[in-house]
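What's counted below: heavy atoms across the whole structure, side chains too, no hydrogens, waters or symmetry copies.
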Number of protein chains: 2
Amino acid sequence: MTPSWVKEAIFYQIFPDRFNRGSGPIPSPVPVASDFEAWDALPTLRGFKGGNLWGVLEKLDYIKEMGFNALYFCPVFTSTANHRYHTSDYFQVDPMLGGNPALQKLIEEAHAKGLRVILDGVFNHCGRAHFAFQHLVENGAASPYRDWYHVYGFPLGAYSGKHNFASWWNNPELPKFNTSNPECREYLLSVAEYWLHQGIDGWRLDVPNEINDDSFWQEFRSRVKRINPEAYIVGEIWDDASRWLQGDQFDAVMNYPLGRAILGFVGGETLDKDLAAKSGLGRLETLGAIGCSHRLEDLFKRYSWEIVTIQMNILTSHDTPRLYSILGNDLERTKLALGMLYTLPGAPTIYYGDEIGLEGGHDPDNRRGMPWNKEKWNLPIQDSVRHMARLRAEHPLLHSGKYQRVYAQDGHLAFARLHGEQALLVTVNTSAQPWKLHFPLHGLWSRGEEAIDLLHGSRAVCHKGSFEGETSLSPFSLAVWQAVH
Amino acid sequence: MTPSWVKEAIFYQIFPDRFNRGSGPIPSPVPVASDFEAWDALPTLRGFKGGNLWGVLEKLDYIKEMGFNALYFCPVFTSTANHRYHTSDYFQVDPMLGGNPALQKLIEEAHAKGLRVILDGVFNHCGRAHFAFQHLVENGAASPYRDWYHVYGFPLGAYSGKHNFASWWNNPELPKFNTSNPECREYLLSVAEYWLHQGIDGWRLDVPNEINDDSFWQEFRSRVKRINPEAYIVGEIWDDASRWLQGDQFDAVMNYPLGRAILGFVGGETLDKDLAAKSGLGRLETLGAIGCSHRLEDLFKRYSWEIVTIQMNILTSHDTPRLYSILGNDLERTKLALGMLYTLPGAPTIYYGDEIGLEGGHDPDNRRGMPWNKEKWNLPIQDSVRHMARLRAEHPLLHSGKYQRVYAQDGHLAFARLHGEQALLVTVNTSAQPWKLHFPLHGLWSRGEEAIDLLHGSRAVCHKGSFEGETSLSPFSLAVWQAVH
């Protein structure tokens with residue numbers, strides 16, 4: 001079974017060191033250093049800005065007001081890295097983030113406000129500061145943890161350049177766990193269970209394809225779902241995810257292909273392909289409406305419809321440049337890409353700051369401190385995100401209505417979200433000219449309805465099987481049409 | 001103020017990896033490796049035998065039955081080392097020991113049985129696996145923890161041999177904390193507070209003289225005593241401890257000089273001086289009765305009497321060879337040394353296994369797995385320890401009675417423990433011949449009392465100011481005389 005709440009979810013991805021620095025009601029159980037980099041300075045690869053979970057707690061009302069109802073946190077456990085993908089201790093929230101009490105309080109408050117919380121689970125590898133790996137570094141073959149990793153010889157060359165153990169992308173900072181060792185496996189699975197017992201609503205799984213063992217993820221799923229059948233398990237799979245979406249492993253994946261299709265269609269000549277290419281997004285292709293829709297249709301057919309509606313749909317993340325920057329700081333296209341994200345099947349997911357037009361290129365530039373001075377915010381983008389969230393919340397068709405391409409030509413795309421007799425029609429204009437809306441409806445609204453654009457109040461008629469807008473659709477914009485009876 | 005309970009305390013020092021392996025009612029919150037060295041095999045420097053706190057819990061009745069009423073644990077926090085002096089996380093009991101729940105349960109059960117619990121606090125340095133130090137290893141000067149250590153340059157040469165930071169005895173595995181950094185200081189002091197809040201009865205402080213800052217230990221004391229005025233603070237100071245025993249820092253110290261005096265007097269030609277010399281005990285001197293007593297008197301005069309009665313008196317520890325081995329496997333001398341320990345002012349402290357004659361030389365041989373097969377036990381030593389504990393418990397004079405030398409010549413020592421009109425007289429014979437007891441009492445028992453030896457039931461008379469035993473005191477033995485009215 002799939003977690004039903006995700007159909008209505010709009011995720012906000014938070015990079016904890018960079019979102020907001022707060023001071024909680026409870027001091028961290030572990031006193032920490034506080035000599036941080038300036039919040040507004042450009043980030044550095046190894047520097048810390050001191051954002052924490054208390055800071056998130058203080059901004060829950062902002063998040064909610066923006067229409068988000070689910071939080072996806074980049075890793076929060078104790079780590080040596082500012083991004084915390086180098087885990088030192090899977091049972092402790094980093095003391096710099098406020099420690100376990102801060103997460104506990106955050107989960108409580110988020111739930112009280114109707115927000116779900118999912119955490120980033122890095123189970124393929126740990127940081128070399130992890131206690132079990134350090135045990136090997138210090139004790140070599142005498143350590144009882146010797147079989148928790150893939151070691152080719154002792155002493156370990158963890159810091160020497162003599163790289164004699166398996167690690168993620170051959171990075172000695174990230175030793176790969178031996179998930180076929182029963183104790184190591186139990187350790188990792190108990191991490192998953194522990195945090196579910198603490199109240200989280202699911203796991204985003206980091207590089208899960210690197211654990212080339214379906215039985216691991218099958219057991220992971222069954223133990224997670226035993227604790228909370230509604231827990232969301234979403235894998236970081238950048239391409240085809242069929243292997244993991246058969247119902248026995250993940251509920252969904254991070255839907256980068258959908259994001260690439262939107263960006264390729266909306267971005268046009270503003271698309272900074274070189275910038276994107278240096279990230280996980282790869283080389284983006286400029287797409288026309290038909291190319292974009294074909295890609296979307298392929299994604300929607302590839303997996304069961306239940307899965308499609310709970311995919312984690314993303315344009316950007318901590319692993320890509322910023323949306324506004326990829327789109328050449330083009331306001332209209334940025335709003336348009338976000339508009340498509342909110343009207344397609346699957347859960348829209350916004351990387352913190354994208355909703356106020358935060359800029360940024362490669363890592364670490366894409367992880368800037370969130371500006372809290374509103375003068376630095378791009379208010380039109382923010383208004384648009386807020387507006388689209390409200391639209392999505394008010395129209396269940398946008399959650400689970402089927403996707404049907406209605407019209408696609410050059411920069412003009414029209415698609416419907418359908419459920420039984422009900423339909424919404426979305427028209428997208430990615431061209432620089434107004435689009436005089438006039439296209440065949442192929443049976444949609446065949447009774448000759450009138451329609452109204454829920455975003456701008458424009459009107460249209462369905463006449464002799466064709467859709468005819470009273471006004472043109474502006475360049476780089478979209479409209480969401482509802483039949484008026 | 002000094003903790004009054006220590007006057008009646010008899011400590012049992014436990015090396016957690018080697019005392020007993022148990023399986024608790026609660027699994028460790030963190031699954032761990034269990035591929036340990038054989039319990040009975042000689043220990044190795046880096047190997048683990050898998051003793052844990054559940055194992056201690058299972059043996060509390062044994063410990064209590066042996067007359068111990070206080071436990072001193074070598075470090076229990078997460079560590080890469082089997083001795084756990086390389087601390088990785090001061091807020092977590094090592095998962096291999098059962099984690100925090102095991103310590104919590106152990107404290108509860110120990111208290112319910114009338115046993116106190118003190119922990120080993122290593123505040124001068126941590127293990128290089130500690131999260132803050134690893135933060136520096138990975139992030140260099142970008143880490144906000146950069147000032148928590150004494151770093152002379154980046155990148156850190158923690159594993160390279162380029163040793164550019166302060167560490168204990170120049171061992172790069174043990175980076176020294178910068179206790180003058182306010183955050184680091186707060187971190188360490190909060191560790192002390194945290195475990196007191198969890199119910200421990202005090203701290204044994206590892207190498208506290210290395211923190212050359214009285215204000216640190218003054219603040220330590222005041223914060224500890226604020227939580228529990230009866231908490232015991234005992235420093236590992238091997239020699240003169242006047243600096244720390246002025247009332248504003250420690251309550252007491254580990255009384256190695258007292259142990260050295262006993263060993264020098266009792267050991268005679270059996271004393272394995274070479275073995276002792278390779279440990280912290282240093283080169284032991286053979287002492288006659290007068291030499292021994294002078295040393296004791298010096299120790300008893302050097303500090304206030306309140307402190308003398310709560311000193312942690314030790315013959316051996318995890319830092320010395322085993323008692324039985326230092327004394328050349330001589331049963332009588334071993335019993336005699338223990339007998340003196342139990343009859344002198346200060347809290348007797350027995351290193352686990354010494355009470356059953358466990359042998360062992362240098363580290364790691366002095367840290368063998370405690371044998372639980374009773375056939376391997378030296379029962380006469382064990383009986384003697386049990387007996388002396390009972391004697392001490394029954395005679396408050398042995399807790400707080402003043403020490404007064406009565407007679408000292410060659411291998412013959414008689415001393416009294418006095419309080420007002422009351423006295424016990426202890427006679428010690430470290431010679432190979434029976435000692436025909438006959439010596440002047442210098443005013444003790446001046447009314448011509450008879451006396452009885454509480455250990456063997458022998459009798460004596462006090463006649464014309466002299467003590468006259470009815471029978472001789474056997475070679476290498478002691479008697480404890482009480483006046484019979």
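Annotation: the span from N139(A) atom CG to N82(B) atom CG amounts to 7.0 Å, rounded to 0.5 Å. W148(A) CH2 to D35(B) CG: the interatomic distance, rounded to the nearest 0.5 Å, is 12.0 Å.
Of the N and O atoms on the side chains of Q134(B) and S88(A), not one donor lies less than 3.5 Å from an acceptor on the other residue.
Annotation: residues 184-198 of chain A contacts chain B through E186(A), Y187(A), S190(A) [non-hydrogen atoms, separation under 4.5 Å]. When the heavy atoms of residues 165-180 of chain B are compared with those of chain A, the residues falling under 4.5 Å are E173(B), listed by number.
With a 4.5 angstrom heavy-atom cutoff, S34(B) touches chain A via backbone and side-chain atoms both. When heavy atoms are compared at a cutoff of 4.5 Å, P95(B) approaches chain A solely by way of its side chain, counted from C-beta outward. Of the two parts of T78(B), only the side chain, counted from C-beta on, holds a non-hydrogen atom closer than 4.5 Å to a non-hydrogen atom of chain A. Heavy-atom distances place the side chain of D89(B), and not its backbone, under 4.5 Å from chain A.
Open room surrounds NZ on K105(A); 12 or fewer heavy atoms of other groups in view lie less than 6.0 Å from it.
The candidate with the highest count of non-hydrogen atom pairs below 4.5 Å against chain B, out of P144(A), A81(A), G127(A), S79(A), is P144(A). Ranked by non-hydrogen atom pairs under 4.5 Å with chain A, the options R146(B), H86(B), H130(B) are led by R146(B).
Partners of D94(B) by side chain to side chain donor-acceptor pair (under 3.5 Å), not counting sequence neighbours, listed by chain and number: R84(B).
Scanning all heavy atoms of the two residues, the minimum distance from E183(A) to P31(B) falls at O-CB, 4.4 Å.
Counting heavy atoms from C-beta outward, V32(A) and Y145(B) have side chains that approach closer than 4.5 Å. Looking only at side-chain heavy atoms (C-beta outward), F131(B) and T80(A) stay at 4.5 Å or farther from each other. A 4.5 Å side-chain heavy-atom check between V30(B) and Y90(A) finds every atom pair outside the cut-off. Considering only heavy atoms from C-beta on, R46(B) comes within 4.5 Å of E138(A) through its side chain.
Counting only residues at least two apart or on different chains, the ring-ring contact (aromatic ring centres under 6.0 Å, His included) pairs with a member in residues 17-53 of chain A are Y12(A)-F19(A), F19(A)-W372(A), F48(A)-H135(B).
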